[in-house]
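Notes to accompany the following structure.
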Amino acid sequence: MSEERSLNFLEEIIEEDLKSGRYTRIITRFPPEPNGYLHIGHASSICLNFGLTQKYPGYTNLRFDDTNPVTEETEYVESIKEDVKWLGFTWENERYASDYFDNLYAFALKLIDKNLAYVDDITADEMAAMKGTPTEPGKNSPYRDRSVEENRALFIRMKNGEFPDGSRTLRAKIDMAHINMLMRDPILYRIKHAHHHRTGDKWCIYPMYDFAHGQSDSIEEITHSICTMEFIPHRELYDWLIEKLEIYPSHQYEFARRNINYTVTSKRKLLQLVTEKHVTGWDDPRMPTVSGLRRRGYTPHSIREFCDRIGVAKRENMVDVGLLEFCVREHLNKIALRRMVVFDPLKLVITNYTQEEEMLLSENNPEDENGGVRDIPFSREIYIERDDFMENPPKKYFRLAPGQMVRLKSAYIIKCEEVIKDQEGQVTEVRCTYIPESRSGADTSGISVKGTLHWVSVKHAIRSEIRLYDRLFRVEDPTDEAGDFKEYLNPDSLQVLPEVYAEPALATATLEERFQFIRKGYFVLDRDTQSGKLVFNRTVGLKDAWAKEVKKG
RNA sequence: UGACCCAUGGUGUAAUGGUAACACUACUGAUUUUGGUUCAGUCAUUUAAGGUUCGAAUCCUUAUGGGUCAACCA
């Protein structure tokens, strides 16, 4: 293996740590809060954390940051586990911050005993008012100087449920004038008489993020705790708590979260799209969620490839969704089974075709020698795509037109002889003759044509519904526009074709198979399919050089 | 009116004091029984000004621009 690729900044840190002997193996973790579904940004973090311990000795834990019972649910835990597995990663340990509530409680008592934490009785509003601003120092709470004994007794009573929600908090005693707002006596514990999805009603006090995350890292002996840049100010508190608690020194490193254009990746916003029914659910194929991408037909491999290509760094970024599409096309091109489906049919009659029907062979995938072939029924009447015929074609139009010849994919070369129209002048049928010696694989005609069309035999065609998806938003960065981000939803993000005509082989399609509908795009069966009613989702279209040509005029 | 983070083609990421590169996009052309794929090629980059140095994208200073921080969220 030639390891020529340059390292990202985290790999550099790790290689340095390994070389210096600071660690002999590394431990990372992926720490989702179970209050929403994973999205493409999380996928990036998953690939990073798990990828690092695939590359270097060590392992990765999956740890749910479940310290806020009000917003967290088991449904989310299950979906997150499924998504991580689907992406192709295996965690060493499945952990929950709630596993550590006893430890965390003991840590809190230790801090109280060291006179580094106190119980505060002021209200949330008062606390906000006394916090100061980034440019002005805060003020000490009148309860800041309670004795160790009093703090201890009060905190135990908080735990025992003697006080109502919001009436008291446990705060670290640091410095209300600290330049870092997070060091101004941050709250460690708050009272919430709420049912927790795992610990039930055992607790009525719950630790805050800052008093749970770093401590959980430490308990698990995480060596490299990787998070996004907005946590940079938290690092000082992270280190302070580890130092005062005298526990295993995990370290936090930050990278810039990945943004992708024409979508949003904020759990709050995605939740809104779901609850306000702008999409059909978390796994709507238009959603940037892992489950949405899965339903859309993206492969785990293509998502991993994407995350790999966008890399990791510390600067603001806006990744072009075109790269994601490139990655999925690249993979699907290699694995998708080729099939023919006519979306907008135009009847074509081959006047000199006298057989009842015949079976023709077509390769399943020209990119895969071992992909095999399938039979396709051919007959006198077929459907072609309406826009594959033009009565008065422009220059460089390689498709069918009066007097012109094209090849029918895997079949014969035909020549257009006659155009039938209705009273309005709409073309309702085209009549052609075929060249018997031009059959695919046995072509002795010596004729070469520019265009090849896909087609489906009229009497053999099966019906299907097709769902075409486009980007969810009309603008690159909906969050950056004036007003509500939902004003920028793309009204044409979903187009349903209720009845298209497909070749018979598609009748036995499964959810796992990937298809390329020739000249149309990549498709996957949707779970809405019922017996007798096929539904396909378009994962992504093919690159379309002709469409570009037409656009240019 | 503070602290912290960041700044390389249209986009993303490299170059670790020594020829600014790779991928995507765009554009040419060739091949092609998918106007797909594949192949060949073209356009295009160091925020600015000073300084250090034989030599700076890289180190220093200042400026500019963008981002983050004042939830009993994570």
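Hydrogens, waters and symmetry mates are skipped; everything else that's a heavy atom, side chains included, is used. Predicted model only: the values in this text are computed from it and were never measured. Below, read A as the first sequence line, B as the second, and so on, with proteins coming before strands; counting in each chain starts at 1.
Following rounding to the nearest Å, A:H331 (NE2) and B:rG36 (C1') show an atom-to-atom distance of 17 Å. Atom C1' of nucleotide B:rU34 and atom CG of A:D387 are separated by 14 Å, given to the nearest angstrom. Atom pair A:R309:CZ and B:rC24:P shows a separation of 6 Å (rounding to whole Å applied). B:rA23 atom C1' lies 8 Å from atom CZ of A:F326, rounded to whole Å. Taking atom CZ of residue A:F378 and atom P of nucleotide B:rU33, one finds them 19 Å apart after rounding to whole Å. Taking atom CZ of residue A:R519 and atom P of nucleotide B:rU32, one finds them 18 Å apart after rounding to whole Å. A:H454 places its NE2 atom 13 Å from the P atom of B:rU34, with the value rounded to the nearest Å. If you take CD of A:E316 and P of B:rU68, they are 7 Å apart, rounded to a whole angstrom.
Ring pair A:F231/A:Y209 is tilted by interplanar angle, where 30° to 60° counts as tilted. Using bins of under 30°, 30° to 60° and over 60° for the plane-to-plane angle, the ring pair A:F485/A:F473 lands in the tilted bin. Between A:F378 and A:Y412, the ring planes lie tilted relative to each other; the angle falls in the 30° to 60° range.
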Checklist entry - What does nucleotides 69-74 of chain B look like as a protein-contact string, B for base, S for sugar-phosphate only, - for none, at under 4.0 angstrom between heavy atoms? => result SB-BSB
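A:I518 comes within 4.0 angstrom of a base, heavy atoms only. Note on A:K334: nothing from the nucleic acid sits closer than 4.0 angstrom, heavy atoms only. When heavy atoms are screened at a 4.0 angstrom cut-off, A:F398 is found touching base atoms of the nucleic acid. Contacts of A:R439 with the nucleic acid, taken as non-hydrogen atoms under 4.0 Å apart, include base atoms. Across all strands shown, A:F517 has no heavy atoms under 4.0 Å from either base or sugar-phosphate atoms. A:G441 comes within contact range of at least one nucleobase, with a heavy-atom separation under 4.0 Å. Using a 4.0 Å heavy-atom cutoff across all strands shown, A:Q516 reaches at least one base atom of the nucleic acid. Residue A:V312 is classed as a sugar-phosphate contact, given heavy-atom separations below 4.0 Å to backbone atoms only. Base contact: A:R315 has a heavy atom under 4.0 Å from a base atom. Here A:K520 lies out of heavy-atom contact (under 4.0 Å) with every strand.
Between the side chains of A:R514 and A:T299, no donor-acceptor pair is found at a separation under 3.5 Å.
The side chain of A:E367 lies closest to B:rU37, out of B:rC6, B:rU37, B:rG35. Set against B:rU25, B:rC6, B:rG12, the side chain of A:V319 has B:rG12 as its closest nucleotide. For A:K548, counting side-chain heavy atoms from C-beta on, the closest listed nucleotide (B:rA26, B:rG36, B:rC6) is B:rA26. You'll find that the side chain of A:R407 is closest to B:rU33, out of B:rC27, B:rU33, B:rG36. Checking B:rU13, B:rA15, B:rG35 against every side-chain atom of A:R258, the shortest atom distance belongs to B:rU13. Nearest to the side chain of A:I310, among B:rU33, B:rG35, B:rG12, sits B:rG12. Closest to the side chain of A:S440, out of B:rG12, B:rG36, B:rU33, is B:rU33.
Rounded to the nearest Å, the gap between the C1' atom of B:rA3 and that of B:rA70 is 13 Å. With P as the reference atom, B:rA20 and B:rC39 are 28 Å apart, rounded to whole Å. Using atom P as the reference point in both B:rC24 and B:rU38, the two lie 9 Å apart (nearest Å). Comparing the same atom, C1', in B:rC69 and in B:rC59 gives a spacing of 29 Å after rounding to whole Å. Taking atom C1' on both nucleotides, B:rU8 is separated from B:rA15 by 10 Å, rounded to a whole Å. A distance of about 25 Å separates the C1' atoms of B:rU13 and B:rU64, rounded to the whole Å. Rounded to whole Å, the P atom of B:rU47 lies 16 Å from the corresponding atom of B:rA21. Between the P atoms of B:rU25 and B:rG36, the separation comes to 13 Å (whole Å).
Ion pairing between a basic and an acidic side chain is recognised when a charged N comes within 4.0 Å of a carboxylate O; A:R257 and A:E230 show such pairing. Under the 4.0 Å criterion applied to side-chain N and carboxylate O atoms, A:E15 and A:K19 are not assigned as salt-bridge partners. Contact check on A:R190 versus A:D165 returns no salt bridge, with no Lys/Arg side-chain nitrogen under 4.0 Å from an Asp/Glu carboxylate oxygen.
Among A:I174, A:D120, A:D175, A:T169, the single residue meeting the side-chain contact (heavy atoms from CB on, under 4.5 Å) criterion with A:D185 is A:I174.
For the pair A:R338 and B:rU33, the criterion of a side-chain N or O lying under 4.0 Å from OP1 or OP2 is not met.
Centroid-to-centroid, the aromatic rings of A:F517 and A:F536 come within less than 6.0 Å. Taking the ring centroids of A:Y37 and A:Y76, they lie under the 6.0 Å cut-off. Checked against a 6.0 Å centroid threshold, the rings of A:F343 and A:Y501 do not count as neighbours.
When the nearest nucleotides of RNA chain B are assigned to A:W546 and A:K552 by heavy-atom distance, the more 5′-ward of the two goes with A:K552.
When atom types are taken as modelled, the side chain of A:S218 and the backbone of A:S250 share no donor-acceptor pair closer than 3.5 angstrom.
Remark: the A:R399 side chain and the B:rG35 base include a donor-acceptor N/O pair separated by less than 3.5 Å.
In this structure, A:I260 and A:F306 have side chains that are in contact, with non-hydrogen atoms separated by less than 4.5 Å.
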Checklist entry - Pairs counted as Watson-Crick or G-U wobble with both distances under 3.5 Å: what dot-bracket string results for RNA chain B, using | for bases tied to another strand? => result .((((((..((((....[..)))).(((((.......)))))....(((((..]....))))))))))).....
